[in-house]
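Have a look at the structure below before the remarks.
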Amino acid sequence: MNTTSWGLRSKPWPVATLAGLLAVCSAFSILSRVSGAEFLDAPHSLVPVVFCATALWFIMLPLSRRLLGWACALSTRIRVIAIACALVTGTILLFALPISPAPNSVANVSVSVLDGKSESSQGREVWLRLERDGKDVPFSDLRQSGKWVDKAPFLVAVDPSVPTSIAWRGSYADSLRLIFVSHAWSGRARVTWNGMQRNLDLYRPEGGSLTLDLGGLEVTQSRLSIPDRSSRQWATAIADIILMGALGLWLFGWLAARPDPSTEVATSDPAWREALLYSLPLFGSGVACLIIFYPGMMTSDSLDQWRQSGSLSFNDAHPLLYGLMMVAARWLWDSPAAVATVQLVLLSTSSGWLVASVRRATGAPTLLAWFSACLLAVFPLLPMTAVTLWKDVPYSAAVIALTAFVVARLPRRATDEMSVGAAIALALLMFCAMALRHNGPPVAFAAALVLFFIARRARLRVALAVMAAIMMMVLLKGPISDAVGIERKPVSYVLYSHHIAAHLATKHLPSSAADQALLREINATDADWAYNCATVNPTVFNPHFDARLAMAHNSDLLRILLELARNRPDIEFQHGMCSSGLIWRIKDYDHDPLYLSSVGLWAPHGKVNWISGERGDPVQDSMSPALAEFVGKLALLPGMEAVFRPAIYMYMLIFACGVAFARLSDRRIWLLLVLPAVHTAFLAISIVAQDARYQLPLYGITLIAVPLLVAARRGQRQLSGQAGS
């Protein structure tokens, strides 16, 4: 690396300037958040900024020297692209994390208990709590007069006989609100804030709550909350973007320029043997999960499909292929453990194949490949989901295997043939992906398209494999479905209803009176169809929602949706940003409606369950109940949501592919991203719930590929001409 470029040694000012910029951004971001909105208004505010920036300058100096040293080795064009990518990355992370805005507004809030009460009230109690940016303000921060009782999370004036009040002054970033309890013993209160005043009668004979929004966002449980930023907050946000972009660029440069190990670790094992070896860690941890959660985890979907396979009475609510797989497994051993074992074998072998393929494509050390294989085994979501009776497990195995199929072709010469056996395997994998999930067909066609262009002499067999997969789908959906007497129920109304509910929630109705009457007939009680942008469940699994009528008018709902979307695309955009939050958001605000469903476990009354069915359904029979309780409660810890949320894994995979491209100097490594990206993109368009299992292929591909991609061996040009597996 040429560290003398740009005069880094003879002219140290570039390094000092960059370090100063990063130090000022850090100081501004830290102090504006720690000191609150009043900080920048103070006349002496520049003093702590200068002092903090000076201290941080010495920390940023080595980072800046390394960053500029790496950048000097790049051409001007690549350098500009790298800076642009860094700023785009910082901007994405600003909203994906999401990073809370710096405090912007100062509020003076006071609540006084008023004399008198409602005629029907039995007392003068006032129950309240002050919530700032989604979190309760500590009672110690409230200036209290009179007698208040701490009944967390509320502060209570039980019998105010003397003037009783609380007061608070402070800043908030995006929301400030007061929450009162209303019941038969409630009195009256006067709220004063920032020159405004409101008297409240808190009496409610039936009980309830009363919320008063004092500023910022209106807290809601039905749509995504992305706060509007003021000019002051945007200044802090720009500082955050520069910092995150610089740190990301530094990490990228360090990984891209890192030297290879002194000795190459190679293996002479054939590809199939290497793949089987790498499948063992995940298979072993999956077997352990099956023993702990015997005879396999089963949710309501699992139990429904289990009953269908037992009675040979199927419907379109679940894929027929998975039902037939259950029938075949039960013919050998009538236990959920049989299905779970088949799933585990499929997922572990496809994962092992991908580990071997990526290792050979990147030239990464064998030891690191074993690290990837073990990472799959210890990541709790994968082995636990592998033994959960969900169609998503064999689908994920098919997507991972298709990715391995593509990656295994990358090191080969472009003129390599494809054997008949490989073409048959490709057709079967595409068929499985297409038959098991609604976003499977785009993934299958994307795999075929990639192979069509990278394997020139195998194009005919790739095309024949696609035709064979389509023919199998036609047979499955036609003659085979008819032969088993499948009950065809349209399920697309679920997706249509979720979008229509978004429009109803904003009082945007169809123009036709007949269409409005139809929507009221489907749900005559809830004008907004109980809309929640994060999940369709409150809408379609609502006792007031007539699902049969919605099914009967499936085509009418599509027509209504298209009209509403054409007239108000902004509502569709807002709904899409919220419903796809699983895809692109790493973290949620505390008051967002988003949630995350991950493993097939729940703990009612503190006891972990993994099967809860009707009489005659399988029952849980753990071989180690104490261990099941321990492992289950660990997996259900609230902090595990940060581990299971899938957006970060897509960002990591994109980043690692960029590092591998920089190390290998071969753009074909980006093809590894195609299938998980297509799967994710089509999932985002049609997602109706925030469920981690939908992104199971992404978890597996990322955990396998990222360690191997960032350790790709430099200078080998492995993908361009060297024979691979």
Side-chain angles (χ1 to χ4, degrees), residues 269-276 278 346 349-363 395-436 439-475 657 660-661 664-679 697 701 704-705 708-709 712 716-725:
D269 289 338
W272 65 267
R273 183 180 300 172
E274 191 178 353
L276 287 178
Y278 292 142
L346 293 174
T349 52
S350 63
S351 300
W353 183 15
L354 183 58
V355 173
S357 299
V358 178
R359 192 207 67 77
R360 289 171 177 252
T362 59
Y395 166 77
S396 300
V399 175
I400 292 173
L402 280 172
T403 306
F405 199 101
V406 169
V407 175
R409 309 292 297 186
L410 295 183
R412 299 177 184 272
R413 298 183 184 277
T415 57
D416 275 358
E417 291 280 4
M418 181 183 293
S419 66
V420 175
I424 294 173
L426 176 62
L428 290 173
L429 289 173
M430 288 193 294
F431 165 66
C432 290
M434 294 163 67
L436 289 169
N439 53 335
V443 173
F445 287 123
L449 191 63
V450 170
L451 292 169
F452 189 81
F453 284 104
I454 66 175
R456 297 175 184 174
R457 293 182 59 185
R459 287 178 175 176
L460 177 60
R461 288 185 174 170
V462 171
L464 291 174
V466 173
M467 293 175 60
I470 294 174
M471 289 177 61
M472 285 187 281
M473 277 295 296
V474 172
L475 289 173
C657 282
F661 167 66
L664 292 167
S665 299
D666 195 316
R667 66 188 64 181
R668 294 209 300 172
I669 194 63
W670 288 106
L671 294 175
L672 187 150
L673 261 178
V674 172
L675 299 194
V678 170
H679 160 84
I701 293 170
I704 289 168
L708 298 169
L709 289 171
Q716 287 198 165
R717 297 193 61 79
Q718 180 91 356
L719 304 184
S720 298
Q722 184 175 323
S725 56

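At least one donor-acceptor pair closer than 3.5 Å links the side chain of Arg668 to the backbone N or O of Leu410.
Shown here are the ring pair (Phe, Tyr, Trp, His ring centres under 6.0 Å) partners of Phe431, two or more places apart in sequence or in another chain: there are none. Evaluation of the side chain to side chain contact (heavy atoms under 4.5 Å, CB included) rule for Ala275 yields Trp353, Ala356 as partners, not counting sequence neighbours.
Inter-residue side-chain proximity for Arg273 and Tyr278 is flagged as unmet; no heavy-atom pair is nearer than 4.5 Å. Considering only heavy atoms from C-beta on, Arg459 stays 4.5 Å or farther from Leu451 through its side chain. You'll find the side chain of Phe405 reaches within 4.5 Å of the side chain of Leu426, heavy atoms only. Counting heavy atoms from C-beta on, the side chains of Met418 and Arg409 come closer than 4.5 Å. Annotation: side chain of Arg461 is in contact with side chain of Val420 (closest heavy-atom distance under 4.5 Å). Between Leu709 and Thr362, the closest side-chain pair of non-hydrogen atoms falls below 4.5 Å. Ile400 has its side chain within reach of Ile701: a pair of non-hydrogen atoms, C-beta onward, lies under 4.5 Å apart.
Atom CG of Leu429 and atom CE of Met434 lie 12.5 Å apart (nearest 0.5 Å). Taking CZ from Phe452 and CG from Leu460, the interatomic distance works out to 9.5 Å, rounded to the nearest 0.5 Å. With rounding to the nearest 0.5 Å, the separation of CZ in Arg667 from SG in Cys657 is 15.0 Å. To the nearest 0.5 Å, atoms CG (Leu464) and CE (Met471) are separated by 10.5 Å.
Closest heavy-atom contact between Met430 and Ala444: SD-O, 3.4 Å. Residues Ser357 and Ala404 approach most closely at OG-O, 3.5 Å, considering heavy atoms. Closest of all the heavy-atom pairs between Ala469 and Ala427 is CB-O, 3.6 Å. Ile669 approaches Ala660 most closely through the heavy-atom pair CG1-CB, 4.0 Å. Across every non-hydrogen atom of Ala447 and Leu675, the tightest pair is N-CD2, 3.5 Å.
With Val450 as the fixed residue, the side chain to side chain contact (heavy atoms under 4.5 Å, CB included) test singles out one of Leu402, Val406, Val678: Val406. Among the candidates Leu708, Thr349, Thr403, the single residue satisfying the side chain to side chain contact (heavy atoms under 4.5 Å, CB included) test with Leu354 is Thr403.
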